[in-house]
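Some notes on the structure that comes next.
Only heavy atoms go into these numbers, but all of them, side chains included; no hydrogens, no water, no symmetry mates. Because the structure is a prediction, the values reported are computed rather than measured. Throughout, a chain's letter reflects where its sequence line sits, starting with A, and its residues are numbered from 1.
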There are 2 protein chains.
Amino acid sequence: MKISEIASKVNVSAKTIRYYEEVGLLEPPLRKDNGYRLYHQKNVETLIFIRRCRELNIAISDIKLLIDVQQDPKASCASVDKIIADQLARIQQSQRELALLEQSLATLAVSCKNHHVEDCCILHQLKSL
Amino acid sequence: MKISEIASKVNVSAKTIRYYEEVGLLEPPLRKDNGYRLYHQKNVETLIFIRRCRELNIAISDIKLLIDVQQDPKASCASVDKIIADQLARIQQSQRELALLEQSLATLAVSCKNHHVEDCCILHQLKSL
DNA sequence: TTTAAAGGTTACAGCTACTGGAAGGTCAAT
DNA sequence: ATTGACCTTCCAGTAGCTGTAACCTTTAAA
């Protein structure tokens, strides 16, 4: 199938698919005589795998590792466990940071009932906090 | 004062200060005969303001607006209110997204008790979910 | 048969907010 | 005179795409 066909199948833009190939996430596919990329069912599965990982915000470099480790079915899956655990930890860290941010912004946001820059409580706080 | 002096005063790298100047967030300062940037107390205050905004994750384009609006003390501070409210909304949206992400990752992370790639529950779920 | 639309190709630039590094000028102390 | 710390500019890199340009191929309509 051609690139736009697989693109609509896995719900990713053709541009993105070419990008995944460029960064080594996707094997360079065969080409037709005219130079067009030619994809197969296996590529669909890989792309769906990649998209699921990306939806979990897993970095492309980690997705590469997840794909590589699958080359050897007998290999330990410890690295897989670690990638997911680390990703979870990162997300939780981001959550903590966002919670702090939200607190600060929420406090700031309710503080201004004035209408002019010169006595705007928000600006005042941003300057003197 | 020279760039590294103001940099350590406001706890920002000299590199970042030059960057803020380049993107129009900071007025180009006077130069000494040797070409060195020469900063004043006013610049310290502006930089602290900028850093506080950045700590709230406010985009540089929005910080520009916040700085510009302060040119006219009689101007309405509605745009200030809006920038902060929008920022708060963005943060809250990110929080909702991260909460979903965390759920998915947490489920995934506890699911694997096996040790080989061929029957790794995590990989299995990532492929078939 | 010409032509126009739709899709393919590559290559380069842009997004955000910095950061790193190279190459070279300046300054203060030894 | 030289060393080391600091300053300057400019270019490239980060993550994960996305937009655009210039060009080629295929397919369908006029």
Side-chain angles (χ1 to χ4, degrees), chain A residues 1-26 28-39 43 46-47 49-67 83 86-87 90-91 93-94 97-98 101, chain B residues 1-26 28-39 43 46-47 49-67 83 86-87 90-91 93-94 97-98 101:
Chain A
M1 75 196 87
K2 286 190 282 182
I3 197 165
S4 66
E5 291 177 62
I6 194 174
S8 66
K9 243 181 209 185
V10 301
N11 211 27
V12 168
S13 74
K15 198 100 199 175
T16 299
I17 294 177
R18 287 189 206 103
Y19 171 73
Y20 287 159
E21 179 185 335
E22 189 192 326
V23 297
L25 206 46
L26 210 54
L30 296 175
R31 300 288 186 126
K32 292 205 291 190
D33 290 349
N34 55 18
Y36 287 16
R37 287 170 177 80
L38 192 56
Y39 293 97
N43 302 125
T46 304
L47 271 171
F49 179 81
I50 292 172
R51 286 317 299 173
R52 291 214 177 104
C53 291
R54 288 296 303 133
E55 280 161 18
L56 295 173
N57 220 26
I58 296 172
I60 284 185
S61 54
D62 281 341
I63 301 178
K64 265 186 220 182
L65 297 178
L66 289 177
I67 289 175
I83 287 170
D86 287 355
Q87 181 64 15
R90 265 190 297 272
I91 297 294
Q93 178 61 24
S94 295
E97 288 166 9
L98 283 191
L101 259 185
Chain B
M1 75 197 87
K2 286 191 283 185
I3 196 165
S4 67
E5 291 178 61
I6 193 172
S8 67
K9 244 181 211 187
V10 301
N11 211 27
V12 168
S13 73
K15 200 101 198 177
T16 298
I17 294 177
R18 286 189 206 104
Y19 171 74
Y20 287 160
E21 180 185 334
E22 189 192 326
V23 298
L25 206 46
L26 210 56
L30 295 175
R31 300 288 186 124
K32 292 206 291 190
D33 291 348
N34 54 19
Y36 288 14
R37 287 171 177 81
L38 190 57
Y39 292 97
N43 302 125
T46 304
L47 270 171
F49 179 81
I50 292 171
R51 286 316 298 174
R52 291 213 177 106
C53 291
R54 287 296 303 133
E55 281 162 16
L56 295 172
N57 220 24
I58 296 173
I60 285 186
S61 55
D62 280 339
I63 303 180
K64 265 187 219 180
L65 296 178
L66 290 177
I67 289 175
I83 285 170
D86 287 356
Q87 182 64 14
R90 265 190 297 273
I91 298 295
Q93 178 60 26
S94 296
E97 287 166 9
L98 284 192
L101 260 184

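- For B/Tyr36 against C/dG25, a side-chain-to-base donor-acceptor contact under 3.5 Å is present.
- An OP1 or OP2 oxygen of C/dT10 is reached within less than 4.0 angstrom by a side-chain nitrogen or oxygen of A/Arg31.
- The shortest side-chain heavy-atom distance between A/Arg18 and A/Leu26 does not fall under the 4.5 Å cut-off.
- Between B/Ala14 and B/Ile3, the shortest heavy-atom contact is O-CD1, 3.6 Å.
- B/Ser4 has no side-chain polar atom (N or O) that falls below the 4.0 Å cut-off from OP1 or OP2 of D/dA5.
- In this entry the distance linking CG of A/Leu25 with C1' of D/dC17 reads 13 Å, nearest Å.
- Residue-level contact check: B/Ala59 touches the backbone only, with heavy atoms under 4.0 Å from sugar-phosphate atoms and none from bases.
- A/Ile91 and B/Leu101 get closest at one heavy-atom pair: CD1-CD1, 3.6 Å.
- Residue B/Tyr19 places its side chain closer to C/dT19 than to any other of C/dT19, C/dT9, D/dC17.
- Taking 4.0 angstrom as the limit, A/Thr16 places a side-chain polar atom (N or O) nearer than this to OP1 or OP2 of D/dT18.
- Nucleotide C/dG25 holds its P atom 18 Å from the CG atom of B/Asp33, rounded to whole Å.
- In this structure, A/Asn34 atom CG and C/dG8 atom P are separated by 11 Å, rounded to whole Å.
- With rounding to whole Å, A/Lys15 atom NZ is found 13 Å from C/dA13 atom P.
- Taking atom CD1 of residue B/Ile58 and atom C1' of nucleotide C/dC18, one finds them 18 Å apart after rounding to whole Å.
- Each of B/Lys2 and A/Tyr39 was assigned the nucleotide of DNA chain C with the nearest heavy atom; the assignment lying further toward the 5' end belongs to A/Tyr39.
- The minimum heavy-atom distance between B/Glu21 and B/Pro29, with the atom names listed, is OE1-CD, 3.4 Å.
- Between the CZ atom of A/Arg37 and the C1' atom of D/dT26 there is a distance of 17 Å, rounded to whole Å.
- There is no side-chain donor-acceptor pair under 3.5 Å between B/Arg90 and B/Gln93.
- Taking atom NZ of residue B/Lys32 and atom C1' of nucleotide D/dC6, one finds them 11 Å apart after rounding to whole Å.
- In this structure, CZ of B/Arg18 is placed 16 Å from C1' of C/dA17, rounded to the nearest angstrom.
- Within the structure, every side-chain polar atom (N or O) of B/Arg54 is placed at least 4.0 Å from both OP1 and OP2 of C/dT16.
- For B/Ser13 and C/dT19, the shortest distance from a side-chain N or O to OP1 or OP2 is below 4.0 Å.
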